[in-house]
Amino acid sequence: MKKTNVTAERGIDQYRRIAGDRVIDEIHHYADRLQGEHIVMINSTPAGGGVAEILNNLVLLINELGVELGWRILKGSDTFFQITKEFHNAFQGADITLTKQKKEIYEQVNRNNAMMTHLDGHDMVIVHDPQPLPLISYYKKRIPWVWRFHPDMTHPNPKLLEYLKPYIELYDAMIISSKKYHQASLDIPQIEFAPSIDPLSAKNVPMTKTEAHRLLRRQGLRLNKPIIAQVSRFDTWKDPVGVIKAFLTVREQYNCQLVLMGNLASDDPEGPIIYQQVLKAARNNKDIHILLNSPDNDRTVNALQRSAAVILQKSLREGFALTVSEALWKETPVIGTRAGGIPLQVIDGKKGLLVRGIPQTAESSLKLIKNRNP
Ligand code: UDP
């Protein structure tokens, strides 16, 4: 029985016309089985990046179904988040120096969070990503704990995996976004599960062309030439500087503009540094527009993903790429690399194009922009 008196903003049944009766009935069936269960999700940021995007939509919807699903945020210092960003990078293949001090800070923050995160009365805990991973080690484990890992784990750094393995193996299961991320060295069930977007959220709901153009003009954009866009956190793995290089090649041959729309996540301290690199690479080029932390973020993302002639996702590593799902949902052509979850979504030549490197990104962008419907 649902405890709160909060009125549902979007009843799950509104999704029937999109997902169909069978899917919604199945969701009700599972929700009925979970009535009375008290579940909690724990991650490390309320906004910015795909995890926060998923949780902001999903947690409310699951509560609307009568399942008591809570959401807690791990609290950490700047140093802690610098260390966990290094972990994130190392999971995606970067090198790392694992000092005693880094491990101590990582473990201490998790110990402190465990002290102030009371989980009595809960029936299940779902922990997202490496930041809160060790939390589990500070509780007497009586209920199922699941670790949901979102980034790209095709080439994890072996030193980091070795250090975190004892924490990971305390969990009952691990959820990954692609079977490519399966780790033979981990003794834990690894379940593949695709992330989701919310078709009725402000970011994805239908929008008229007039409204989309009005929102983009408010960002200072002029709509007098076709737009190539990438919407992503300012992160090296999203290769925004590579996007600029590819665009400059396209621009030599076609009169178009580039929009790089990005935000910063509180658990990603590298964002401001990458943003500065992007500004430098753009060199005040009047056809390159960089939107940082746009006000009215969700509707602006919606407008941009609908109005662009091409959406790029030039990631070097990628967990799943909700940005690709969002653009494909709007039927905007996508050019993406073969990183992580992108080839699970972009069917080369049918729903967009898969590319490798800057020259091919430029060549494919030019092809799509020339052949676009006006
Ligand atoms: N996003 C946003 N505003 C921005 C840039 C990105 O709302 O300026 C959103 C984007 O629409 C998507 C999410 O952030 O929903 C990024 O998720 P994705 O899985 O693509 O990448 P992640 O950041 O998790 O690596």
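As the structure is a computational prediction, the values presented were derived from the model and not from experiment. Ligands are counted one by one from 1 in listed order, and the atoms in each one are counted from 1 as well.
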Criterion salt bridge (Lys or Arg N to Asp or Glu O under 4.0 Å) on D198 and K203, from CA distance to verdict = CA-CA 8 Å; D198 182 345; K203 192 174 276 181; over 6 Å; no

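- The closest side-chain donor-acceptor pair between S325 and Q345 falls under 3.5 angstrom.
- For atom 22 (P) of ligand 1, the choice among K238, Q305, E318 with the nearest heavy atom turns out to be K238.
- Around atom CE of M116, more than 12 heavy atoms belonging to other residues, nucleotides or ligands sit under 6.0 Å away.
- In terms of protein heavy atoms, atom 8 (O) of ligand 1 is closest to G262 C, 3.1 Å.
- Contact annotation: for E326 versus ligand 1, heavy atoms closer than 4.0 Å belong to the side chain alone.
- Defined by atom type and a distance below 3.5 Å, a donor-acceptor pair is missing between the side-chain atoms of Q305 and T332.
- A cation-pi arrangement, defined by a distance under 6.0 Å to the six-membered ring centre and an angle within 45 degrees of its axis, is absent between K370 and Y254.
- Of the heavy atoms in D235, none comes closer than 4.0 Å to ligand 1.
- Among all non-hydrogen protein atoms, the one lying nearest atom 23 (O) of ligand 1 is R233 NE, 2.7 Å.
- Side-chain rings of Y139 and W145 approach one another, their centers coming within less than 6.0 Å.
- When the shell of 6.0 Å around CG of N284 is examined, it contains 12 or fewer heavy atoms from other residues, nucleotides or ligands.
- Contact atoms of ligand 1 toward E53: 15 (O) (distance under 4.0 Å to a heavy atom of the residue).
- Ranking protein heavy atoms by distance to atom 9 (C) of ligand 1, first place goes to K203 NZ, 3.3 Å.
- Donor-acceptor pairing under 3.5 Å is lacking for the side chains of T337 and S315.
- When non-hydrogen atoms are compared, ligand 1 lies under 4.0 Å from neither the backbone nor the side chain of S294.
- By the criterion of a heavy-atom distance under 4.0 Å, neither the backbone nor the side chain of Q313 is placed next to ligand 1.
- In this structure, OG1 in T361 is found 11.0 Å from CD in Q313, a value given to the nearest 0.5 Å.
- The 12-atom threshold is not exceeded at CD of E162, counting heavy atoms of other residues, nucleotides or ligands nearer than 6.0 Å.
- Set against the non-hydrogen atoms of M261, the atoms of ligand 1 under 4.0 Å away are 5 (C), 8 (O).
- A distance of 9.5 Å separates NE2 in H155 from NZ in K180, rounded to the nearest 0.5 Å.
- Summary of contacts: the protein heavy atom closest to atom 3 (N) of ligand 1 is N297 OD1, 2.8 Å.
- Ligand 1 places these atoms under 4.0 Å from at least one heavy atom of G50: 13 (C), 16 (C), 17 (O), 19 (O), 22 (P), 23 (O), 24 (O).
- Backbone and side-chain nitrogen or oxygen atoms of S232 are examined, and none is located within less than 3.5 angstrom of a nitrogen or oxygen of ligand 1.
- The nearest protein atom to atom 2 (C) of ligand 1, hydrogens excluded, is given as N263 ND2, 3.4 Å; this is a heavy-atom distance.
- The atoms of ligand 1 that sit less than 4.0 Å from any heavy atom of A321 are 19 (O), 20 (O).
- Scanning the protein heavy atoms around atom 19 (O) of ligand 1, the nearest turns out to be L322 N, 2.9 Å.
- For ligand 1, the polar-atom distance check finds no N/O of V301 at less than 3.5 Å from any of the ligand's N/O atoms.
- Within the 4.0 Å heavy-atom criterion, both parts of T323, backbone and side chain, lie near ligand 1.
- Atoms of ligand 1 found under 4.0 Å from any heavy atom of V231 (numbered from 1 in listed order, with element): 5 (C), 6 (C).
- Remark: side-chain polar atoms of N255 are not paired, donor with acceptor, to backbone N or O of R251 under 3.5 angstrom.
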